[in-house]
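Each chain gets a letter, A, B and so on, in the order the sequences are listed, and its residues count up from 1.
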Amino acid sequence: MKLRAITENHLYSKAYARGKKFVGRFVVVYTLPDYAASKLAKANPEKEKINRVGITVTKKLGSAVIRNRAKRVIREGYRLSDKSAKIRRGFLIVIVARGNIVKAKSTDIERDLTLAFKKLGMNAL
RNA sequence: CGACCGGAUCGGGCGAUCGCGCGGUAUGUUGCCGAAAGGUAUUACCGUGAGGAAAGUCCGGGCUUCAAAGGGCAGGAUAACGGAUAACGUCCGCCGAGGGUGACCUCCGGGAAAGUGCAACAGAAAUAAACCGCCGUCCAUAUCGGGCGGUAAGGAUGGAAACGCGAGGUAAGAGCUCACGAGUUCCUAUGGUAACAUAGGUCCGCUGUAAACCCUAUCCGAAGCAACACCGUAUGUGGGAUCCGUGUUCGCACGGCUGUCUGCCCGGCAGAGCUCACAGGUGGCACGCAGUUUUCUGCGGAGCGUUACGGAGACGUCACGCAAAGAUAGAUGAUCGCCACGACAGAACCCGGCUUACAGAUCAGGUCGCAUU
């Protein structure tokens with residue numbers, strides 16, 4: 001299943017303000033039910049609800065190369081986490097990188113995210 | 001062998017598993033999103049996918065739009081000389097100054113003799129000079145001294161004080177005169193395409209600063225891919241116009257006006273019952289064009305590489321070969337194993353440069369020293 005990115009800035013603001021929050025070792029996760037989920041599901045040829053994922057990496061972390069790697073590692077971690085423990089659909093998920101992510105591996109992120117989704121009640125029934 | 005000098009190339013590799021963007025083939029749906037334009041399937045396979053600086057955005061060009069890029073003003077850039085180039089503020093060669101035993105390196109580059117300005121502090125005085133001193137003369141006087149004049153040799157200040165030094169000369173002095181030396185302008189000869197160098201003559205006495213204004217020569221129209229083109233323009237937001245005068249054959253024309261030519265003026269262009277801009281999409285955009293339909297042929301080009309030839313070199317010519325990264329919250333990766341473990345760092349229209357950052361590796365050259373022959 002492909003990742004669909006959050007493009008609108010106001011959705012990030014909403015997630016920060018009203019979403020559920022979990023602080024992990026390497027990332028901070030916000031989740032919020034997606035009002036447009038059913039509409040997007042109709043557009044999806046598989047007719048399933050999907051999660052929209054936004055990844056935030058601030059300039060504080062470092063140069064473009066470092067930021068790019070952080071995003072890749074988070075994407076891979078999300079993919080692995082979704083594969084091992086099914087995540088509920090129809091949510092906005094914002095993942096914010098923390099400073100120590102520079103040295104993290106994608107498996108570390110996977111553990112962080114799996115724990116986060118469990119705590120946030122995101123695991124599929 | 002050691003110490004150096006300038007240059008070129010590379011800048012993690014291999015394997016396994018899992019993933020992403022783009023192109024293609026097969027499979028497959030006729031659905032869904034959207035007002036429309038348009039976008040989008042699942043799976044498998046094949047191909048392809050960041051840099052030498054992709055960076056800074058400092059120059060130059062292509063491309064695009066502004067009717068065309070015409071004239072002038074303003075503004076900007078450059079600055080010895082000869083060449084290279086599509087072009088450049090780049091590159092090559094060379095001139096000048098300095099450093100190194102050397103390979104080689106570093107630095108500056110029109111005009112201060114067109115004009116204006118500025119030169120703090122110090123100093124008597126900063127582009128024009130008399131504070132001390134020296135000399136003459138007058139006054140006064142036991143002596144010290146004072147007035148007037150001459151003087152730039154000496155002292156003191158300063159980054160800079162009327163070229164340096166010696167002789168003549170003088171009351172004392174002074175390029176005032178002369179020899180030698182350094183410099184400026186111009187002329188001649190020789191060498192060089194030239195800047196310039198060398199030699200000879202002539203003339204002059206002129207502080208520095210042009211990254212102060214300025215003057216001279218040369219060049220530059222402006223803005224940038226969020227450009228721009230096309231499609232769509234339902235709805236929303238914002239703006240403009242539907243105005244005035246004159247003439248009128250009542251259609252309109254001209255002028256004002258408004259917008260626009262993106263600093264200004266001249267000189268233009270456009271405008272009216274709707275129109276413009278923004279919000280959407282596709283292209284631009286991944287060598288181009290044509291043929292042909294397949295991943296093929298031809299042509300073209302400041303594209304890249306190699307060879308040959310020409311040139312001192314930058315570079316040029318010919319031949320051959322190569323050239324699908326193309327994202328859009330932004331793909332080009334993740335994990336594991338082994339080896340090596342030490343860098344700077346991520347394309348956003350495309351090229352040529354410059355500048356800045358940078359661990360290590362490799363390759364030829366060259367210089368000096370020592371040893372050997």
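With values rounded to the nearest 0.5 angstrom, Phe22(A) atom CZ is found 9.5 Å from Leu113(A) atom CG. One finds the CD atom of Glu110(A) at 12.0 Å from the CG atom of Leu115(A) (value rounded to the nearest 0.5 Å).
Nearest-nucleotide positions on RNA chain B place Thr56(A) closer to the 5' end than the other of Thr56(A) and Val73(A).
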Filtered N/O pairs between nucleotides 49-54 of chain B and protein, under 3.5 Å:
none

Pairs: protein N or O with nucleotides 15-19 of chain B N or O, under 3.5 Å:
| residue | atom | partner | partner atom | Å |
| --- | --- | --- | --- | --- |
| rC18(B) | O2' | Arg79(A) | NH1 | 3.2 |
| rC18(B) | O2' | Arg79(A) | NH2 | 2.9 |

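Figure legend. rA3(B) is base-paired to rU367(B); pairs are counted as Watson-Crick or G-U wobble with both atom distances under 3.5 Å. Pair assignment for rA77(B) gives rU218(B), based on Watson-Crick or G-U wobble hydrogen-bonding distances that are each under 3.5 Å.
rG51(B) takes the anti form, because its glycosidic angle lies more than 90° either side of 0. Base orientation at rG175(B) is syn, since its O4'-C1' glycosidic dihedral falls within 90° of 0.
Across all strands shown, Arg67(A) has no heavy atoms under 4.0 Å from either base or sugar-phosphate atoms.
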Inset, instruction - Kindly indicate, with the supporting measurements, whether the criterion side chain to side chain contact (heavy atoms under 4.5 Å, CB included) is fulfilled by Arg98(A) and Val28(A). - result: CA-CA 7 Å; Arg98(A) 302 185 69 191; Val28(A) 182; 4.0 Å; yes
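The closest donor-acceptor contact from the side chain of Arg69(A) to the backbone of Ala64(A) lies at 3.5 Å or more, if one exists at all.
Listed by chain and number, the residues in a ring pair (Phe, Tyr, Trp, His ring centres under 6.0 Å) with Phe26(A) amount to none (sequence neighbours excluded).
Here, rA312(B) and rA84(B) have their P atoms 14 Å apart, quoted to the whole Å.
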